[in-house]
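In what follows, a structure is listed as structure tokens, so that the remarks can point back to it.
Just so you know, ligand 1 is whichever comes first in the structure, and atom 1 is the first atom listed for that ligand. Side chains are part of it too, since the values below use all heavy atoms of this structure and drop only hydrogens, waters and symmetry mates.
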Amino acid sequence: MFRSKAERKVIEAGYDPARLPPGQYLTEKWPVLHAGSIPDADLTTWDFSVTGEVDNPIRLTWDELNRLPKVEVTQDIHCVTRWSRFDASFEGVPWSAVEDLVEPKSSARFVVAHSEQGYTANVPIAFLRDPLALLATHADGAPLTPEHGWPLRLVIPGKYFWKSAKWLRGIELSSVDRPGFWERYGYHNDADPFEEERYAF
Ligand SMILES: Nc1nc2c(c(=O)[nH]1)N[C@H]1C(S)=C(S)[C@@H](COP(=O)(O)O)O[C@H]1N2
Ligand SMILES: [Mo]
């Protein structure tokens, strides 16, 4: 069977090559990627809101968010610029804990993540309900660093990593799907790395 150089590197590193999506290569490092600058945050005034198609919209302070139950998850991450990182570990609040507070209406089928500086990313709500999805406060056992999204980032499994909004400030539930920041620039709405859904055209 033909193996690309990228696949051979995955095998040499001891991983199943099936974990590498087409057109990706494995990196041991954790690259930093975003549009714009790294925002600062003041945790005394910072808040996190859940709005839209919910019975109880909420606005949580940093302390309130951190009093919710937390879990740790491990997953592979894939950037559309072709790097993949395996076994990235994140700790944070699972969506289920937030969902218990807000009680989504049955009309809530899509979500838009809202971040500092107007960055947005959209996914069907099913992806937030995946047990690997997380409102992450920690990565690799330590608080997020500013460049990786401190104090809070979204982690969305099974999608290119642009759906995992850094510097997250809110989740909006919606009955209709609305394209986010990169999706409006022509990135594929569904963003499945194994289907190589990079661009919409
Ligand atoms: N707020 C915000 N989140 C973002 C982005 C961004 O530009 N702004 N870029 C996305 C992209 S394209 C990727 S690959 C990941 C990169 O996360 P990392 O820098 O922690 O590796 O963040 C995603 N989340
Ligand atoms: Mo990316």
Side-chain angles (χ1 to χ4, degrees), residues 6 19-43 46-51 62 65 72-93 95 110-124 127-128 130 132-172 178-201:
R19 287 170 67 176
L20 191 71
Q24 297 291 112
Y25 68 88
L26 181 65
T27 177
E28 309 286 332
K29 297 184 222 102
W30 188 1
V32 172
L33 216 119
H34 52 260
S37 57
I38 297 170
D40 201 5
D42 176 354
L43 294 184
W46 182 96
D47 61 13
F48 173 73
S49 334
V50 183
T51 56
W62 176 246
L65 179 80
E72 211 180 314
V73 297
T74 299
Q75 60 202 278
D76 300 344
I77 58 184
H78 312 288
C79 176
V80 71
T81 64
R82 301 190 181 273
W83 57 264
S84 290
R85 183 169 179 254
F86 288 174
D87 296 329
S89 89
F90 298 98
E91 188 190 325
V93 178
W95 172 249
F110 300 94
V111 304
V112 178
H114 291 270
S115 293
E116 302 285 357
Q117 301 174 341
Y119 185 87
T120 54
N122 60 310
V123 284
F127 282 80
L128 259 193
D130 186 304
L132 287 179
L134 213 57
L135 309 172
T137 57
H138 291 66
D140 299 333
L144 288 169
T145 55
E147 66 270 25
H148 288 301
W150 178 89
L152 187 72
R153 83 173 298 161
L154 193 58
V155 174
I156 295 286
K159 299 282 191 193
Y160 283 118
F161 208 35
W162 86 72
K163 300 283 189 183
S164 295
K166 302 195 275 191
W167 311 298
L168 185 70
R169 293 293 303 276
I171 297 280
E172 179 188 352
R178 279 186 289 120
F181 179 85
W182 288 116
E183 293 79 6
R184 286 198 296 271
Y185 277 98
Y187 282 65
H188 198 293
N189 198 52
D190 300 334
D192 181 339
F194 286 93
E195 299 295 331
E196 226 180 336
E197 293 169 336
R198 298 177 192 273
Y199 309 107
F201 40 83

Taking 4.0 Å as the limit for heavy-atom contacts, which would you say applies to [X] with ligand 1: side chain only, backbone only, both, or neither?
{"X": "W83", "answer": "side chain"}
{"X": "Y160", "answer": "neither"}
{"X": "Q117", "answer": "neither"}
{"X": "W167", "answer": "side chain"}

Ligand 1 to [X] polar contact by distance, N or O atoms, under 3.5 Å:
{"X": "W30", "result": "yes"}
{"X": "C79", "result": "no"}
{"X": "P31", "result": "yes"}
{"X": "A35", "result": "yes"}

TODO: Using a strict 4.0 Å cut-off to heavy atoms of S115, name the atoms of ligand 1 that fall inside it.
DONE: 1 (N)

Task: Ligand-residue contact atoms, ligand 1 with S164, heavy atoms, under 4.0 Å - done: 22 (O), 23 (C), 24 (N)

Open item on the list: Counting non-hydrogen protein atoms only, what is the nearest one to atom 12 (S) of ligand 1? Give residue, atom name and distance.
Closed with: W162 CB, 3.4 Å

- [ ] Check whether any side-chain heavy atom of V80 lies under 4.5 Å from a side-chain heavy atom of W182, and answer yes or no.
- [x] no

Open item on the list: Less than 6.0 angstrom from the centroid, inside 45 degrees of the normal: does K159 satisfy that with respect to the ring of F127?
Closed with: yes

- [ ] Could you check which of Y119, F181, Y187 puts a non-hydrogen atom nearest to atom 5 (C) of ligand 1?
- [x] Y119

